[in-house]
Amino acid sequence: MIEIKNVSKWYADFHVLDDCSTFVGKGDVVVICGPSGSGKSTLIKCVNGLEPFQKGEITVDGTSVGQKGVNLNALRSRIGMVFQNFELFPHMTVLQNIALGQTKVLGRTEPEAHDRSMLLLDRVGLVDQADKHPAQLSGGQQQRVAIARALAMDPIAMLFDEPTSALDPEMINEVLDVMVELAKEGMTMMVVTHEMGFARKVADKVIFMDEGRIVEEANTKEFFEKPRSERAQEFLSKILSH
Amino acid sequence: MNYNWNWGVLLDDPYLMWMYTGFGWTCLVAICAWVIAFTLGSIIGVMRTLDNGIARGIGTVYVEIFRNIPLLVQMFLWYFVFPELLPKDWGHFVKRGIPLPEFWTAVVCLGTYTAARVAEQVRSGIGAIRNDQRNAAIAIGLTSVQVYRYVLLPVGFRIIIPPLTSDFLGVFKNSSLGLTIGVLELTAQSRQITEYTFQGFEAFTVATVLYCLVTFTVMTLMQKIEGRTRIPGMLSLGAK
Ligand SMILES: Nc1ncnc2c1ncn2[C@@H]1O[C@H](COP(=O)(O)OP(=O)(O)O)[C@@H](O)[C@H]1O
Ligand SMILES: [Mg+2]
């Protein structure tokens with residue numbers, strides 16, 4: 001479904017991504033972890049073309065992302081993305097946030113979009129917040145709205161960039177629960193996170209990145225039991241000891 | 001000081017009328033110039049936030065030119081030099097063909113000058129929006145135009161309401177420079193009344209009060225707009 005082949009990216013002289021390759025099959029959940037600044041966000045932003053890359057190839061469902069002439073907007077509308085700081089549109093209500101892409105990109109009518117939005121809000125447990133503005137919600141609620149906004153586009157895959165790291169600890173689980181449920185329903189997911197409990201529960205594969213390289217890629221059980229690289233071992237012992 | 005106060009003279013014919021029409025021209029120049037400034041300034045400001053290097057370059061050059069040449073010099077350039085640079089027929093048209101050439105020159109001059117200031121506000125307003133906010137809009141598949149239309153501009157403009165208010169007031173104050181090319185606005189009329197009646201203190205006091213009245217009205221109006229567009233639950237926008 002998502003294939004990343006020998007992708008390299010530079011910011012001027014700085015090598016952010018160094019020959020990264022991996023594959024995410026349909027229905028797979030892949031967790032990406034690694035120290036801050038290792039290129040995790042950059043990698044998943046390359047998948048939906050938010051960041052250009054200079055070398056290599058990324059294909060999503062058979063469409064090559066970096067290629068000229070590809071309708072990136074159409075591709076993006078089919079890949080949901082969830083950000084660390086939620087990034088709901090502050091001047092719109094919750095409902096308007098979820099409806100925007102449906103009406104302006106997918107061409108659904110207002111009533112269609114409304115019904116679909118309410119269905120998704122019900123799913124993330126926020127029907128009663130539909131007419132509020134993002135700033136009136138807690139962080140956990142905002143992130144659940146952001147997930148609903150992404151799901152409203154009927155995505156074929158979802159990208160998450162540290163979806164819980166801006167949240168107070170007591171709100172982390174309400175977001176993770178929604179993600180676990182999604183994973184169990186068979187959504188294809190690439191998740192940058194340090195929530196190892198989540199990884200253990202639903203990930204098929206864990207990728208460890210350091211200094212722009214994919215240092216280790218292993219199925220979840222293997223990764224937690226005996227990480228091969230020293231850097232991954234070090235990293236694991238650090239975050240698991242918290 | 002031996003000054004003969006005579007407020008009554010301002011009510012005499014034709015001085016009351018002069019004051020009245022002067023105030024009218026001031027408002028008309030300022031409002032027309034603001035329409036240009038707001039429209040052009042928004043476009044230039046947006047251009048300065050685009051990825052396209054050419055668009056950004058044009059925006060930057062515009063702002064640097066119009067912000068750095070003194071306004072009075074710009075007024076003279078538009079009035080005396082600009083028509084000479086045009087093809088002969090056009091130049092003639094600008095000087096004689098259009099009705100009220102002084103008025104329109106003042107409007108264009110103030111409009112294009114203030115547009116540079118508006119452009120800077122628009123650019124900084126959009127620049128204050130977190131990059132991932134833009135990414136979130138792009139990620140749902142919106143086109144670049146839609147990203148600006150539905151997300152960046154509505155949020156960016158809300159952020160810059162206060163500085164835009166002061167630019168709007170600036171147009172009213174700067175419109176007094178219109179007198180240098182013969183626009184009979186409030187300051188010009190006050191001067192004329194002074195010359196006819198020697199009651200300059202009275203005339204300029206009234207002019208000052210009228211300028212203050214404009215300021216007060218505009219501030220009230222903008223506060224209304226700010227209140228209306230305020231986002232529920234949000235204390236301040238644009239924090240990175
Ligand atoms: N626009 C940019 N220009 C230059 N360097 C950048 C830019 N964006 C990110 N970087 C750098 O690229 C590296 C990887 O960033 P990122 O992918 O955000 O890391 P992570 O998500 O793993 O913390 C960091 O060192 C960061 O400073
Ligand atoms: Mg990151």
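So you know, we letter chains A, B, ... as the sequences are listed, proteins then strands, and number each from 1. What you see is a predicted model; the values in this text were computed from it and never measured.
Open room surrounds CD on A/Glu110; 12 or fewer heavy atoms of other groups in view lie less than 6.0 Å from it. Counting non-hydrogen atoms of other residues, nucleotides and ligands closer than 6.0 Å to CG of B/Asp51 gives a total of 12 or fewer. Residue-environment remark: CZ (A/Arg116) exceeds the threshold of 12 foreign heavy atoms within 6.0 Å. Surrounding CH2 of B/Trp90 are at most 12 heavy atoms belonging to other residues, nucleotides or ligands under 6.0 Å away. Counted within 6.0 Å of CD1 on B/Ile54, heavy atoms from surrounding residues, nucleotides or ligands total 12 or fewer; the atom is thus considered open. A 6.0 Å sphere centred on CZ of A/Phe23 holds more than 12 heavy atoms belonging to other residues, nucleotides or ligands.
Between B/Ala136 and A/Arg149 the shortest heavy-atom distance is CB-NH2, 3.6 Å. Across all their heavy atoms, B/Val155 and A/Pro90 have their closest contact at CG2-CG, 3.9 Å. When every heavy atom of A/Ala135 is checked against every heavy atom of B/Pro232, the shortest pair comes out as CB-O, 3.8 Å. The two residues A/His133 and B/Ile231 have their closest heavy-atom pair at CD2-CG2, 3.9 Å.
With rounding to the nearest 0.5 Å, the separation of NZ in A/Lys104 from OG1 in B/Thr143 is 11.0 Å. One distance of note links CD of A/Gln84 with CZ of B/Arg130; it measures 9.5 Å at 0.5 Å rounding. With rounding to the nearest 0.5 Å, the separation of CD1 in A/Ile79 from CD1 in B/Ile140 is 13.5 Å.
For chain A, the nearby parts of B/Gln133 are the backbone and the side chain; heavy atoms of each come within less than 4.5 Å. Heavy atoms of A/Asn71 lying under 4.5 Å from chain B are absent altogether. For A/Leu72, no part lies under 4.5 angstrom from a heavy atom of chain B. Both the backbone and the side chain of A/Phe89 come within contact range of chain B, each with at least one heavy atom under 4.5 Å from a heavy atom of that chain.
Residues B/Ile138 and A/Met81 form no side-chain contact, since every pair of their non-hydrogen atoms from C-beta on lies 4.5 Å or further apart. Counting heavy atoms from C-beta outward, A/Lys45 and B/Asn135 have side chains that approach closer than 4.5 Å. B/Asp132 has its side chain out of reach of A/Asn85: every pair of non-hydrogen atoms, C-beta onward, lies at least 4.5 Å apart.
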